[in-house]
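Proteins come first, then strands; the chains are lettered A, B, ... in the order of their sequence lines, and each starts at number 1.
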Protein chains: 2
Amino acid sequence: MLTSQRKALILDRLRRNGQVIAKALADDLELSEDTIRRDLREMAAEKLLKRVHGGALPLAPDLPDFSARQAVSSEEKRRLGAYAASMIKSGQTVFLDGGTTNAEIARQLPKNLAVTIVTHSPTITGELEHHPLAEVILIGGKLYKHSMVATGAAAMVAIASIRADIFFLGITAIHPVHGFSTGDFEEAAIKRHIAQCSAETYVLATAEKLDAASPCQILPTKGVSGLIVPSDIPKESLTPYRNAGVPIFLA
Amino acid sequence: MLTSQRKALILDRLRRNGQVIAKALADDLELSEDTIRRDLREMAAEKLLKRVHGGALPLAPDLPDFSARQAVSSEEKRRLGAYAASMIKSGQTVFLDGGTTNAEIARQLPKNLAVTIVTHSPTITGELEHHPLAEVILIGGKLYKHSMVATGAAAMVAIASIRADIFFLGITAIHPVHGFSTGDFEEAAIKRHIAQCSAETYVLATAEKLDAASPCQILPTKGVSGLIVPSDIPKESLTPYRNAGVPIFLA
DNA sequence: CAGGAATTTGCACGAATATGCGTATATTTT
DNA sequence: AAAATATACGCATATTCGTGCAAATTCCTG
């Protein structure tokens, strides 16, 4: 295990538990306490934590988890999610891609809709745990930890057996010429495959994703059934996409 | 192998694993560490990764994760989980069943173990999101919402392609005569199948599960490699299981 | 096609980094 | 005050790193 990775882990644990204990860390990571103490000393010097006898504490006490989560999901994303959820009809099969925006769709899915939700994101399934009517199909595969989605050959095969009515595609960038893109080749391939297995594909995009391009193209600009954007986006910044033939929905 | 190809491979590996180690790359690609180090140096200059001593990390890996994790697991379950985690050796493939007890294993998995964790529980994957070395394979299928595990034919097929060294089986009841059981027929079938695909099967059981029976048997009493129970359980209540030939471990 | 320039790779070696141990010191607990 | 625990420092050792250099390969150009 890399040293900087270990320090990141200590910080993570500090955020989670509100404290770390030198002895416990040494135990857990199977390293000498000296090493841990050295880490803590250095991180304290970098003002990353507060060193105390026996371990370390966060510099500023953390906010409770729930308020923080509310904060990261912006009002903008909630509006997009609500709009997308309203497009879903009872009886349909919906493929939900990973990502925080699509998690909003799952969270706001009307409780009286009897739908089938397919996803390769375990995070999304968590959002649907308490939905009374949704039937959830989980696509398995090798897990990409940074985006928490299943990938690889197993995922591709499982996806091939699905026919979805709607696919809500998660992307990192949209560009009038370069289309819809994301940062990872493997993920792009998976997403493209899902789109091919779905009758319609919609993209939810917040303002900062417009007119940007990431390394790996998923679909060309006109490859989707619609683009859902916040209603407060300037009209003129949408015209390139309108001209490219993409139906646009304002949420 | 072309240089640019190699660099792409390094990036890919970085995305997949969340880290790369210079030494390991040199070994795998059969190149000198110098070459790898040069690559990493150059890619760091191009802002493609973050160079650290020993290897490299993604640029912005660990945003604070505010997932609510008020671990309300009993001390008893934590002890069982810790014991089970200590049985796992680096390099092994471990199948983790769903359930709160098995979640404890995932949570307490030593951070320096390079293991492959297979699971059909999206909840378990969440516990492993920040493990630096664990490779996570998610088994997909139709999701049982009450226990949050993937089930059905798709899950059965996916499981059949796995060979695990250890399977930690989650159960709801153990009985000297009726064996290991759970409340759902489908789940029982899945669990039995996983056990068949694993070299060893262990069961973690808290006191209240002993001497009880649920409708659907998973395995007979002697069908497992070991039973892990809290050390404060009365010795005499374990003798029926000892007599049935089940190795017992006290955690 | 010949020959020089640029790139790539591996090796040597001193410098930097990481880790564990022993020992002395500081802090907390009893 | 004594015991237990935690800490800091110096030192030894093992990796890992960066640089200079040379050999091999590829590319370019006349």
Next on the checklist: Check this one for me: any side-chain N or O of A/Arg41 less than 4.0 Å away from OP1 or OP2 of D/dA8?
Outcome noted: yes
Checklist outcome for this item: Side-chain atoms of B/Arg37 come closest, of D/dT16, C/dG10, C/dT19, to D/dT16
Next on the checklist: Whether the side chain of A/Arg38 and the base of C/dG20 hold a donor-acceptor pair under 3.5 Å is what I'd like checked.
Outcome noted: yes
Item to check | Selection from D/dA8, C/dT9, C/dA18 that lies nearest to any side-chain heavy atom of A/Thr3 | outcome: C/dA18
Next on the checklist: Rounding to an integer number of Å, can you tell me how far A/Glu42 CD sits from C/dT17 C1'?
Outcome noted: 10 Å
Checklist outcome for this item: Side-chain contact check for A/His53: nearest option of C/dT19, D/dC9, C/dT28 is C/dT28
Next on the checklist: Nearest whole Å is fine: how far is C/dG10 C1' from B/Leu31 CG?
Outcome noted: 10 Å
Checklist entry - Taking atom types as modelled, is there a side-chain donor on B/Thr201 or B/Ser198 under 3.5 Å from an acceptor on the other? => result no
Item to check | Out of C/dT19, C/dG10, D/dA8, whichever nucleotide has its closest atom nearest the side chain of B/Ser32 | outcome: C/dG10
Checklist outcome for this item: By nearest-heavy-atom nucleotide on DNA chain C, the more 5' of A/Glu33 and B/Thr35 is B/Thr35
Item to check | Between CG on residue B/Leu25 and CD on residue B/Glu33, distance to nearest 0.5 Å | outcome: 10.0 Å
Checklist entry - In whole angstrom, what separates B/Lys7's NZ from C/dT7's C1'? => result 11 Å
Checklist entry - To the nearest angstrom, how far is A/Leu40 atom CG from D/dA8 atom C1'? => result 13 Å
Item to check | Modelled atom types, side-chain donor and acceptor of A/Ser214 and A/Thr172, under 3.5 Å | outcome: yes
Checklist entry - Whole-Å distance between D/dC17 P and A/Leu2 CG? => result 9 Å
Checklist entry - Separation of A/Ile21 atom CD1 from D/dT7 atom C1', in whole Å? => result 16 Å
Next on the checklist: Quick check on C/dT8: is either OP1 or OP2 less than 4.0 Å from any side-chain nitrogen or oxygen of B/Arg6?
Outcome noted: no
Item to check | A/Gln5 CD to C/dA18 C1', straight-line distance once rounded to whole Å | outcome: 15 Å
Next on the checklist: How many whole angstroms separate atom NZ of A/Lys23 from atom C1' of C/dT28?
Outcome noted: 17 Å
Checklist entry - Can you find a donor-acceptor N/O pair under 3.5 angstrom joining the side chain of A/Asp34 to the base of C/dA18? => result no
Checklist entry - Does the B/Lys191 side chain pair with the main chain of B/Leu169, one donor and one acceptor, at a distance under 3.5 Å? => result no
Item to check | Between CG on residue A/Asn102 and NZ on residue A/Lys77, distance to nearest 0.5 Å | outcome: 10.0 Å
